[in-house]
Participant: 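Here it is, the structure, as structure tokens.
Just so you know, these numbers use all the heavy atoms, side chains as well, and skip hydrogens, waters and symmetry mates.
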Amino acid sequence: MDHTQKPRVRFAPSPTGYLHVGGARTALFNWLFARHKGGTMLLRIEDTDVERNRPELVDGILAGLKWLGVEWEEGPYFQSQRLEMYRSEARRLLASGAAFACYCKASSYAGADAAPAAESGEEQEGEGDAEGPKTRKNIACPCRDLTDADRAAREREGITPAIRFRAPRSGTTGFQDAVFGPRDVQNEEIEDFVLLRSNGLPTYQLSVVVDDIDMRISHVIRGADHLSNTPKQVLLYRALGAEPPIFAHVPLILGADRTRLSKRHGATSVSSYADEGFLPEAFRNFLALLGWSPGGDSEFLRTHELVERFSLAGVSRTNAIFDRPKLEWFNTQYLQKLPVSDVLPYVADELKRANLWNGSQAVADPEWFARAVDLIRPRTRLLPDFTAWARAFFTDDFDYEAEARAKFWKDERLPDMLAKLADALAALPEWNHDACDAALRQLATAEGVKAGLLINATRVAIVGRAVAPPLFETMVILGKDRVVSRIRRALPSVSAQ
RNA sequence: GGCGCUAUGGUGCAACGGUUAGCACGCGGCCCUUUCAAGGCCGAAAUACGGGUUCGAUUCCCGUUAGCGCUACCA
């Protein structure tokens, strides 16, 4: 491989589940690296496991990547459409002696400790009882020494062989890892692994190497769970006459209990974060900092800064725990610090989702929409906040939160005072913050009550919530007509309180 | 069981032989205040343990422990 050329990287998920945060982070690192270096990113779907493969999941993975903002220049390629290539490469290895036909029963080869392929998705609690003697795995397959006559005999028995790699029995295999440094492993630890299953389908080891060679991948950036198997792949590269790429294994993301992220940790798919109302850029920022650091203390890094500063040298070697509260913090930061114009499209989508978009002032008056969002956003955490507690900014159809009524509508003088306030506001010649402020305080003084009593009660009357932006700014945004009519409309409810 | 990787507050990171071990999330307090946030200030909280090497170890080496990964005709 020519290291002076622009790098070529790939993200290669297998459609056995949705796009989870670990995969998303791997995809993001590949993308950041490619962008930073001006290289090329491609997408490849590793769907060679017919048993667990679920083609219908591919669209969701692509959608997840798009939401994340990870783009690819090439692909998606599907390994299921490249099977002939893997088979012919396997035959080449067979012919060169680098591989051999294996007639063992699939189940008999695995060592005594190899749990018979339990579905690793939902592990059961059954711990403890020793599953037989902990014998060392037999790493050299007896079939490697079969003679032509032996093979012919097996063939006559009707056994279809698998093809295994003939792993060297001595020496070491080394490679460079941009994260973990130079690696060198003893070859006697490497078993005669399967390249082509007896059903003619390639294993991961074969297809990943054949494809990475064919697609001229220069840097393999992937989860550290692949670190231990990398020497096998390096051996394969050499047997295939290719130079291995640079590897970069990134640490894993774990759940709060320090185990691998899985369904029981709650939301782990990126689409669930999209659904919850996180901003993609906030999610990216958070994800990028899980296992990578620009070197200093800066944390709020917009995507272009991430791209500018990304480097494999900054990737850490320790597994990271997914910290949901920090993710939310990032989201509030983005909701508040971004130019309003950047968040408007997201709020618009949220309003559409809640059926509050059509006919709203947000559509008719974009300038007003921007001011309203700007007023609301300091106390939002997720996008749905705009249509939950802030619903009254976009529709007259809202109700009064029970806790807010109980807390701020208790005083029995309120119905009378609010009626007077509505009249006073209606009579205002000018509608602005100070005019509203003065009108309300004047009334409070006249009635001998604290302004706060009226302020809080009025807030509930016009937005239905105790938690809302400052009252007079809210009044300005809502406008005189809406404020006056909402106060009057609330009167019966206030009396009933 | 074997092989490997990792180890800084509860969490994410910084410090890549010399710092009063820094930042952020979260947590507690105070300020601001019209509710709730945001914001500001303050605080509690860490180099897993034991040996080396060195004038000097968070940093380098070894061991222990712990966690994780791999050890499939999964990827």
Participant: What is the distance from NE2 of A:His249 to C1' of B:C68, rounded to the nearest Å?
Facilitator: 15 Å
Participant: Using the ring pair (Phe, Tyr, Trp, His ring centres under 6.0 Å) definition, which of the options A:Phe278, A:Phe283, A:Phe300 pairs with A:Tyr334?
Facilitator: A:Phe300
Participant: Does A:Asp225 come within less than 4.0 Å of A:Arg260, counting only side-chain N to carboxylate O?
Facilitator: yes
Participant: Rounding to an integer number of angstrom, what distance separates B:U53 and B:G26 when you compare their C1' atoms?
Facilitator: 40 Å
Participant: What's the closest nucleotide to the A:Glu46 side chain, out of B:G12, B:C70, B:A75?
Facilitator: B:A75
Participant: Closest approach to the side chain of A:Ala162, judged atom by atom: which nucleotide of B:G26, B:A75, B:C73 is it?
Facilitator: B:C73
Participant: Taking the nucleotide of RNA chain B with the closest heavy atom to each, which residue, A:Ala468 or A:Gly291, is nearer the 5' end?
Facilitator: A:Gly291
Participant: Dump the intermediate steps for salt bridge (Lys or Arg N to Asp or Glu O under 4.0 Å) on A:Asp212 and A:Arg44, then the final yes or no.
Facilitator: CA-CA 10 Å; A:Asp212 284 341; A:Arg44 183 173 72 219; 2.8 Å; yes
Participant: Applying a 4.0 Å non-hydrogen cut-off, can you work out what A:Phe180 is touching in the nucleic acid: base, sugar-phosphate, or nothing?
Facilitator: sugar-phosphate
Participant: Assess A:Arg25 against A:Phe29: is NZ or CZ under 6.0 Å from the centre of the six-membered ring, and within 45 degrees of the ring's axis?
Facilitator: yes
Participant: Please determine if a side-chain N or O atom of A:Arg258 lies less than 4.0 Å away from the OP1 or OP2 oxygen of B:A7.
Facilitator: no
Participant: Looking at A:Gln176, I'd like to know if its CD atom is crowded, meaning that more than 12 non-hydrogen atoms belonging to other residues, nucleotides or ligands lie closer than 6.0 Å.
Facilitator: yes
Participant: Measuring from the side chain of A:Leu227 (C-beta onward, heavy atoms only), which nucleotide among B:A75, B:C5, B:C25 has the closest atom?
Facilitator: B:C5
Participant: Does a side-chain N or O of A:Asn229 approach OP1 or OP2 of B:U71 to a distance below 4.0 Å, or not?
Facilitator: yes
Participant: Can you tell me which nucleotide in B:A37, B:C70, B:G12 comes closest to the side chain of A:Lys326?
Facilitator: B:G12
Participant: Using the side chain to side chain contact (heavy atoms under 4.5 Å, CB included) definition, which of the options A:Val220, A:Ile221, A:Thr230 pairs with A:His249?
Facilitator: A:Thr230
Participant: Between B:G4, B:C13, B:C36, which nucleotide has the shortest distance from any of its atoms to the side chain of A:Arg183?
Facilitator: B:G4
Participant: Looking at A:Lys326 and A:Glu299, does any basic side-chain N land under 4.0 Å from a carboxylate oxygen?
Facilitator: yes
Participant: Just the dot-bracket of RNA chain B, please: which string comes out with Watson-Crick or G-U pairs under 3.5 Å, [ ] for crossing, | for another strand?
Facilitator: (((((((..((((....[...)))).(((((.......)))))....(((((..]....))))))))))))....
Participant: Hey, is A:Arg144 close enough to A:Asp192 for a salt bridge, meaning N to O under 4.0 Å?
Facilitator: yes
Participant: When rounded to the nearest Å, what value does the distance between C1' atoms of B:U35 and B:A44 take?
Facilitator: 30 Å
Participant: Just by distance, with hydrogens left out, do A:Arg52 and A:Thr16 show a side-chain donor and acceptor under 3.5 Å apart?
Facilitator: no
Participant: Less than 4.0 Å between a side-chain N and a carboxylate O, is that true for A:Arg164 and A:Glu191?
Facilitator: no
Participant: Of the nucleotides B:U34, B:C13, B:A75, which one has an atom closest to the side chain of A:Ser316?
Facilitator: B:C13
Participant: Could you state the atom-to-atom distance from OH of A:Tyr18 to P of B:A75 in whole Å?
Facilitator: 20 Å
Participant: Rounded to whole Å, please give me the gap between CZ in A:Phe322 and C1' in B:C13.
Facilitator: 16 Å
Participant: With distance as the sole criterion, do the side chain of A:Arg459 and the base of B:U34 form a donor-acceptor contact below 3.5 Å?
Facilitator: yes
Participant: Measuring from the side chain of A:Glu189 (C-beta onward, heavy atoms only), which nucleotide among B:A37, B:A14, B:C3 has the closest atom?
Facilitator: B:C3
Participant: Nearest to the side chain of A:Asp225, which nucleotide is it out of B:U35, B:G26, B:C70?
Facilitator: B:C70
Participant: Between the base of B:C73 and the side chain of A:Ser198, is there any donor-acceptor pair under 3.5 Å?
Facilitator: yes
Participant: Do A:Glu276 and A:Arg324 sit within salt-bridge range, that is, some charged N less than 4.0 Å from a carboxylate O?
Facilitator: yes
Participant: Are any of the side-chain nitrogens in A:Glu281 or A:Arg302 under 4.0 Å away from the carboxylate oxygens of its partner?
Facilitator: yes
Participant: Can you name the atoms? Protein N/O to nucleotides 27-29 of chain B N/O, anything below 3.5 Å, with the distance.
Facilitator:
none

Participant: Does any donor-acceptor pair link the side chain of A:Arg317 with the base of B:C5 at a separation under 3.5 Å?
Facilitator: no
Participant: Indicate whether OP1 or OP2 belonging to B:C73 is found under 4.0 Å from a side-chain N or O atom of A:Thr203.
Facilitator: no
Participant: Set out, line by line, the N/O atom pairs under 3.5 Å between protein and nucleotides 21-23 of chain B.
Facilitator:
unit_1 : atom_1 : unit_2   : atom_2 : d
B:G22  : N2     : A:Asp297 : OD1    : 3.0
B:C23  : O4'    : A:Asp297 : OD2    : 3.2

Participant: Partners of A:Lys410 by salt bridge (charged side-chain N to carboxylate O under 4.0 Å, His left out), sequence neighbours excluded?
Facilitator: none
Participant: Closer to the 5' end of RNA chain B via nearest nucleotide, is it A:Trp292 or A:Leu252?
Facilitator: A:Trp292
Participant: Tabulate protein N/O versus nucleotide N/O from nucleotides 39-47 of chain B, keeping only pairs under 3.5 Å, one per line.
Facilitator:
unit_1 : atom_1 : unit_2   : atom_2 : d
B:G39  : OP1    : A:Gln333 : NE2    : 3.2

Participant: Angle class for the A:Phe310/A:Trp292 ring planes (parallel below 30°, perpendicular above 60°, tilted otherwise)?
Facilitator: tilted
Participant: Pairing donors with acceptors under 3.5 angstrom, does anything connect the side chains of A:Asp211 and A:Tyr86?
Facilitator: yes
Participant: Only counting residues at least two apart or in another chain, list the ones meeting salt bridge (charged side-chain N to carboxylate O under 4.0 Å, His left out) with A:Asp214.
Facilitator: A:Arg82
